[in-house]
Number of protein chains: 2
Amino acid sequence: MTSNNNTLREKVAESLREAIVKGEIKPGTRLQEVEIAESYKTSRTPVREAFRQLETEGFLAIKPRRGAIVTEITARDIREFYEMKSVLEGFAARKAAENLTDAQIDRMEQLNLQLRECYDNSNLSSMISIHNQFHEIFVNAAGNEQLASLIRSLVNRFQRYRIALSHTDSILESVAQHERIIAAFRARDAEQAASLVSLNSQLGSKALMDNLKIAA
Amino acid sequence: MTSNNNTLREKVAESLREAIVKGEIKPGTRLQEVEIAESYKTSRTPVREAFRQLETEGFLAIKPRRGAIVTEITARDIREFYEMKSVLEGFAARKAAENLTDAQIDRMEQLNLQLRECYDNSNLSSMISIHNQFHEIFVNAAGNEQLASLIRSLVNRFQRYRIALSHTDSILESVAQHERIIAAFRARDAEQAASLVSLNSQLGSKALMDNLKIAA
DNA sequence: TAGATAATTCTTGTATACAAAAGACTACAA
DNA sequence: TTGTAGTCTTTTGTATACAAGAATTATCTA
């Protein structure tokens with residue numbers, strides 16, 4: 001994550017975000033300003049501002065004079081998220097196919113190998129990071145900065161649920177799909193790349209849904 | 001716009017947002033907390049929070065200890081915006097084609113007639129509202145609430161530039177395109193609806209770009 | 001006069017104090 | 001016992017006071 005630790009607000013926001021993503025603070029938990037302020041040894045002011053920021057990032061729901069609650073994410077939210085990711089990344093892939101340099105495609109290949117290794121070594125913390133790096137290469141190559149930043153914020157928002165996927169075999173499937181995506185990029189086949197990337201996102205959705213059913 | 005005037009923060013945010021959208025506050029203008037606070041007869045606290053909110057909505061850029069500046073939107077931003085709108089609304093249309101009721105399509109037809117009337121009467125303030133209502137019908141019918149809210153926030157963010165389009169003849173073209181979109185929805189032709197909606201968005205982009213060139 | 005550096009001012013970041021609203025609790029009556 | 005009214009507590013919303021960083025100006029030196 002980006003760490004602009006210049007102000008207390010950002011420190012508090014980053015710390016809370018991390019705790020929510022890691023699951024240390026459970027959905028439904030009510031966060032109170034004084035409580036958080038005391039635990040960070042600050043006043044309520046930076047905490048309030050951090051709350052607002054986390055609200056817009058989708059981690060907290062704030063009701064006027066009622067306080068902040070860590071958002072519960074429903075199966076519907078996840079379906080909607082992957083639907084958007086599928087559409088946006090698919091489009092990004094279509095545009096990227098024209099722009100990607102050979103070096104960038106090589107880099108994707110390298111990352112995909114690393115992803116496979118991480119799976120074999122059960123190194124799940126690296127896995128998410130590498131997975132994201134892989135996707136970011138073609139998303140950034142699409143030449144639409146706002147689109148890239150939008151996708152980044154969506155992915156970040158659902159990170160806490162995607163962590164669950166690191167365990168599953170869906171990773172292996174994903175690695176195989178990535179190989180086909182790389183081949184499509186090498187062939188500069190924009191339509192093929194777009195539809196494969198969309199498919200990859202749908203796999204994520206399916207895997208996460210199955211995982212939730214088991215957990216529930 | 002939604003008006004939750006419960007807190008001062010929201011009142012200030014809404015008022016500033018409106019002023020920026022209407023062009024009363026020009027891009028590049030630096031907003032200072034005390035100044036705004038005095039003009040609204042409040043303290044800095046609600047103003048600060050309103051600034052943060054407007055930052056996430058894309059109207060202000062805040063630099064640490066440097067203050068808030070009304071965002072300048074570049075030609076690139078506009079291109080990127082319409083590209084995203086095209087993709088997202090196109091997808092929404094594809095999904096909506098399966099869900100739209102006859103009554104909803106009738107409503108779209110009605111709105112499109114009103115849009116034509118407003119153009120004839122040069123009633124430009126209603127024009128934008130009606131145009132948005134038309135689009136919101138199929139966007140909401142796509143069955144993806146997050147997508148709908150994302151599109152809404154994007155459109156809202158670029159509202160201030162789209163105002164310029166109300167004058168132009170591109171409205172007439174848009175009305176004609178809307179008719180074809182309605183026909184596609186009536187025929188439940190999802191692919192046709194999707195591609196027509198994408199096209200409609202691209203028209204908006206082109207019209208706005210031309211308009212900016214003239215203005216510059 | 002030009003440049004650098006120190007002092008000052010201006011503005012935001014943070015802390016604390018006060019106001020008001022929502023929720024909890026108590027007491028009383030039916 | 002239960003429902004309701006009214007008070008009390010808790011927590012957020014707002015105002016103000018204080019701290020610190022950035023920008024600007026003034027001063028000094030080469």
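Proteins come first, then strands; the chains are lettered A, B, ... in the order of their sequence lines, and each starts at number 1.
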Nucleotide nearest A/Glu33 (side chain, heavy atoms from C-beta), chosen from C/dT14, D/dT14, D/dT12: D/dT12
Mind calculating the distance between CZ (B/Arg65) and C1' (C/dT11) to the nearest angstrom? 10 Å
Atom pair distance, as rounded to whole Å: CD in B/Glu10 and C1' in D/dT14: 14 Å
In whole angstrom, give the distance that lies between atom CZ of B/Arg9 and atom P of C/dA19. 22 Å
On DNA chain D, does the nearest nucleotide to A/Arg52 precede the nearest nucleotide to B/Pro64 from the 5' side, or the other way round? Give the residue. A/Arg52
So do the side chains of A/Gln159 and A/Asn132 get within less than 4.5 Å of each other, counting heavy atoms only? yes
Spacing of B/Arg30 atom CZ relative to C/dT12 atom C1', expressed in whole Å: 9 Å
How close or far is atom P of D/dT16 from atom CG of B/Leu8, stated in whole angstroms? 12 Å
The residue among B/Arg17, B/Arg157, B/Arg52 that forms side chain to side chain donor-acceptor pair (under 3.5 Å) with B/Glu57 is B/Arg17
Side-chain heavy atoms of A/Asn112 within contact of A/Ile181, under 4.5 Å: no
Considering only C/dT11, D/dA15, C/dG13, which nucleotide approaches the side chain of B/Ser43 most closely? D/dA15
Polar pair under 3.5 Å, donor/acceptor by atom type, side chain B/Arg44, base C/dG13: yes
In whole angstroms, the gap separating C1' of C/dT12 from CG of B/Leu60 amounts to 15 Å
Just the rounded figure in Å: distance from P of D/dT14 to NZ of B/Lys41. 17 Å
Could you go step by step and tell me if A/Arg160 and A/Ile73 meet the side chain to side chain contact (heavy atoms under 4.5 Å, CB included) rule? CA-CA 10 Å; A/Arg160 52 175 157 153; A/Ile73 298 193; 3.8 Å; yes
If I take atom CG in residue A/Asn6 and atom P in nucleotide D/dA19, what distance separates them, rounded to the nearest angstrom? 22 Å
Taking only N and O in the side chain of A/Thr45, is any of them less than 4.0 Å away from OP1 or OP2 of C/dT14? no
Look at all strands and tell whether A/Arg48 reaches a base, only sugar-phosphate, or nothing, counting heavy atoms closer than 4.0 Å. base
Do side-chain atoms of B/Thr71 reach the backbone of B/Gly58 as a donor and acceptor pair under 3.5 angstrom? yes
Classify the nucleic acid contact of B/Arg66 as base, sugar-phosphate or nothing, counting any heavy atom under 4.0 Å across all strands shown. sugar-phosphate
Comparing A/Pro46 with B/Phe51, nearest DNA chain C nucleotide closer to 5' gives the residue B/Phe51
